[in-house]
Structure formats: C-alpha cells, structure tokens
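Okay, so here's the structure we're looking at.
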Amino acid sequence: MRIRDHLTEIGAPAFRFRQLIDAWQNSTAETFADVHVLPAALRAELAEQFGPRMHTLTPLEVQHGDQVEKVLFASDTGARIETVVSHYRAGWDSMCVSSQAGCGLGCTFCATGAVGLVRNLSADEIASQVMHPHWTRTGLPRPTSVAFMGMGEALANPHLFDALTLLTDPGYAGMSPRRLTVSTVGVAPNLARLVEQHPQVTITLSVHSPFPQQRARIIPLEERFPLARNLDILDRHAAESRRKVYLAYLLIAGVNDGDDHLAAVAELVRRRSRPELFHVSVIRYNAATGAVPGYRAPSSRRVDEFVNGLIARGVNATRRRQLGSDIDAACGQLHAKYLALAPTART
C-alpha cells in the first residue's frame, strides 16, 4: 500500500503498479532492481524511497519439521515475527500468518502472550508474509489457504481489515475470502466489524472454557468482552450468511477436560439459532514457553473421548490435526526470537 500511494503521489501511470505486482506475484524478484519491466529511473526512485527490497520482511531463519516449515522474519523496523506453512499429504498447503509482534492479551496457554505486545504489524507486513518470494523460490505454488493463527490477536490490530482487502484484491493477492480464516479470542467490537465488512471470511473463536470465571483465567479478555457477547455476534452472522463458524477448544489436562466442561460446551452450541452451522475443533494442549507451568497435555484417548462426547450430544466436532510441535510451530507455541531487541513504538 505504501508503494501504491507513492506511485500515485509522483504521478506514475497506474499500470506501473500493476507491472510491479505482476513481478511480485509471478517471479522470485526481491529487489526493485530485479523488476526490469520498470524504467531504470523509476526502479532507482523506488529503491531510494523504500530501500532496495520490495518486501518489508527479510527471512532470518528457517526451520523444517514433519510437513511444516517455520520462517522467522525481520521487518524493516526490527520487529521479528514467525510464519508457518503446513504441507498436507493430500496435496495442499496452508499458511499461518502473524498479525502482531508479540501479543498484549496475556492468554495463559500461549507463548506469544508471555512476550507482551511489541507492536501491531502493518497491512503490508501481514500481506508480505503471504506474498514473499521465499515461498516460491523452489517452484511450489503459494499456499491455497491463509489463517490468522500466528503471533498476536488479529482483531486487536486495526490494520487487519486493510490486510484482508489486500489479500482478496484481484489486482494483488487475489485470494478467495473463503480461503482466509481469522482466529480470535473474542474482540467483540471488531468481530462485529469483521462479519459486516468481510462476511465470507471464515471465523474461528477460541472458547477454551464454557465457564466465564475459568475462561477469564485462561483468556483474560473474557472480563472485557465475554464469550456470550461474541457468540451472539456469530449467532447472527451464521444465520444471515449461512457460513459455518468454528469454535476452538484447547483441551488442558485437569483444567478444562472434565465431563462438566463437555456437557456445557455442547449446551453452548445447542443454544445457537443454527447449531448445525457451529463446529467445535478440539485441540490437544501444546507445552509453550511462558505458559502456566501446571498446564499439561491430556492423553490422546481423552481428546478422542471429548470429541466423541460432543458428537454424541449432537454437536459437530473434530480433533484438529496438529503439525509442527517438534519445531515449536503448533498452536500457542509461536514465540519469535526478538526478545533481545529494543521494543519499537506500538501502533
């Protein structure tokens, strides 16, 4: 967006931005100098204004796990963020992008929350995670779906909405909104804005406990924006859009995996106006840096019992497949190696 605005300001023809985006989408070009379709003077102007690279992110470190690749990026401002791509054996790829450097919500199961908020990522920084030539250098197609399930709370970042516009713009990333998933612990005002402005985007709301007092200990934002308020928003959204809504449930041994939790989660879903459009995704807890020390993963058998108990009560439910735990790339584990850096201004 910065580059497009600058080209407009200097009076460059509109097609120059299209040429630049074509190079970004269809090649491994990293610098303005690599985009030979642009006049040399314009390439020099852009490099002087924005630096030599077209992207706001630089890969610092790559880790590979079983079917997973995690990349540590540095932004031009020095913040570090992690992005994960899962390669499924069925033949498709899914990217997990970050929306913030760190996170200020303090969820007690999450490594990113233990860091605190460094700053919001810009729309360009979010989109650059998807469009970066790092992913296409090996000749593979870009991931077919993108989930805002990386570092940070997406709905706490006002730049999310511009990022969604960029990713779905046919002249930019051109992704179907149905291939984008926004995961949230429930920032109710921005959740209402999301379903109004981007009704085709898939939404996952983290529940993690059906009991308000306990949920507030796991997700402190419960005290400000209760689960009930967020569910009411999604209830209306599902009824109007007929889009499926996902409820994430992180199962923690001895904390929220009891039969009373199971029954209460099922009742939460059954009380929806269109319960058949709500789907519970049960996730086995992953040990994470900075999480409550007493948190433990339940047995695989207990996870299956919880899922089957929901199904027996008429609730659509599945166990979410977890990839990347061997390289700290699974749910709640993203932490990034930027703690030694001085925090930048929060925006």
Side-chain angles (χ1 to χ4, degrees), residues 57 60-61 63 65 68-75 77-86 94-122 125-126 128-130 146-160 163 181-187 190 204-208 215-222 224-225 248-250 252 283-293 295 297 320 322-347:
L57 302 178
L60 294 182
E61 181 181 322
Q63 289 182 275
V68 170
E69 181 178 353
K70 180 173 74 171
V71 177
L72 175 67
F73 285 110
S75 75
T77 60
R80 299 189 182 187
I81 57 176
E82 291 181 333
T83 306
V84 177
V85 170
S86 299
S94 178
M95 180 180 289
C96 182
V97 300
S98 294
S99 55
Q100 297 178 311
C103 182
L105 297 188
C107 296
T108 57
F109 59 88
C110 181
T112 309
V115 173
L117 179 65
V118 178
R119 68 171 177 84
N120 288 321
L121 299 184
S122 68
E125 288 170 328
I126 294 171
S128 287
Q129 293 173 72
V130 180
V146 171
F148 286 77
M149 294 182 178
M151 300 178 65
E153 164 55 56
L155 288 181
N157 182 354
H159 305 306
L160 165 73
T181 297
V182 173
S183 179
T184 179
V185 297
V187 185
N190 283 343
T204 295
L205 174 65
S206 294
V207 175
H208 304 350
R215 187 174 189 266
R217 292 193 294 271
I218 299 172
I219 301 173
L221 194 67
E222 165 72 18
R224 186 176 177 191
F225 301 123
Y249 196 90
L250 185 69
I252 307 170
I283 311 159
R284 190 184 188 195
Y285 171 72
N286 298 292
T289 303
V292 169
Y295 284 177
R320 183 187 294 176
Q322 289 285 89
L323 299 176
S325 59
D326 55 328
I327 57 170
D328 290 339
C331 181
Q333 292 185 320
L334 295 185
H335 190 268
K337 301 175 181 179
Y338 56 73
L339 293 179
L341 298 183
T344 55
R346 301 180 184 184
T347 59

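Sequence positions, counted from 1, serve as the residue numbers for this chain.
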Are any of the side-chain heavy atoms of Ile126 and Phe148 separated by less than 4.5 Å?
yes
Counting only N and O atoms by type, is there a donor-acceptor contact under 3.5 Å from the side chain of His159 to the main-chain atoms of Leu121?
no
For Phe109, run the side chain to side chain contact (heavy atoms under 4.5 Å, CB included) check against Asn286, Ile283, Ile219 and tell me which one passes.
Ile219
By the definition side chain to side chain contact (heavy atoms under 4.5 Å, CB included), identify the one residue from Val84, Thr204, Val97 that meets it with Met149.
Thr204
Looking at side-chain heavy atoms only, is the closest gap between Ser75 and Leu57 below 4.5 Å?
yes
Provide the closest heavy-atom pair for Thr112 versus Gly152 in the form atom of the first, atom of the second, distance.
CG2-N, 3.8 Å
Testing the basics here: between Gly150 and Cys96, what is the closest heavy-atom pair and its distance to 0.1 Å?
N-SG, 3.3 Å
Main chain of Glu153, side chain of Gln100: is a donor-acceptor contact present, judged purely on distance under 3.5 Å?
yes
Of all the heavy-atom pairs spanning Ala154 and Ser183, show the shortest one and how long it is.
CB-O, 4.3 Å
State the OG-CD distance between Ser206 and Glu222, to the nearest 0.5 angstrom.
12.0 Å
Hey, could you give me the CD1/CE distance between Ile81 and Met151, rounded to the nearest 0.5 Å?
8.0 Å
So, does Ser98 use its side chain to make a donor-acceptor pair with the main chain of Glu82 at under 3.5 Å?
yes
Nearest non-hydrogen partners of Ala248 and Arg320, listed with the distance:
CB-NH2, 4.0 Å
How far does CD of Glu61 sit from NZ of Lys70, to the nearest 0.5 angstrom?
8.0 Å
Flag the pair Tyr295 / Ile218 as yes when at least one side-chain heavy-atom distance between them is below 4.5 Å, and no otherwise.
yes
Determine the minimum heavy-atom distance between Asn120 and Pro158, stating which atoms define it.
ND2-CD, 3.7 Å
Quick check for you: to the nearest 0.5 Å, what is the distance between Arg119 atom CZ and Glu125 atom CD?
4.0 Å
Sole residue of Leu155, Leu160, Asn157 in side chain to side chain contact (heavy atoms under 4.5 Å, CB included) with Val187:
Leu155
Looking only at non-hydrogen atoms, find the nearest pair between Gly104 and Leu117 and report the distance.
N-CB, 3.6 Å
Do the non-hydrogen side-chain atoms of Arg217 and Val292 ever get within less than 4.5 Å of each other?
no
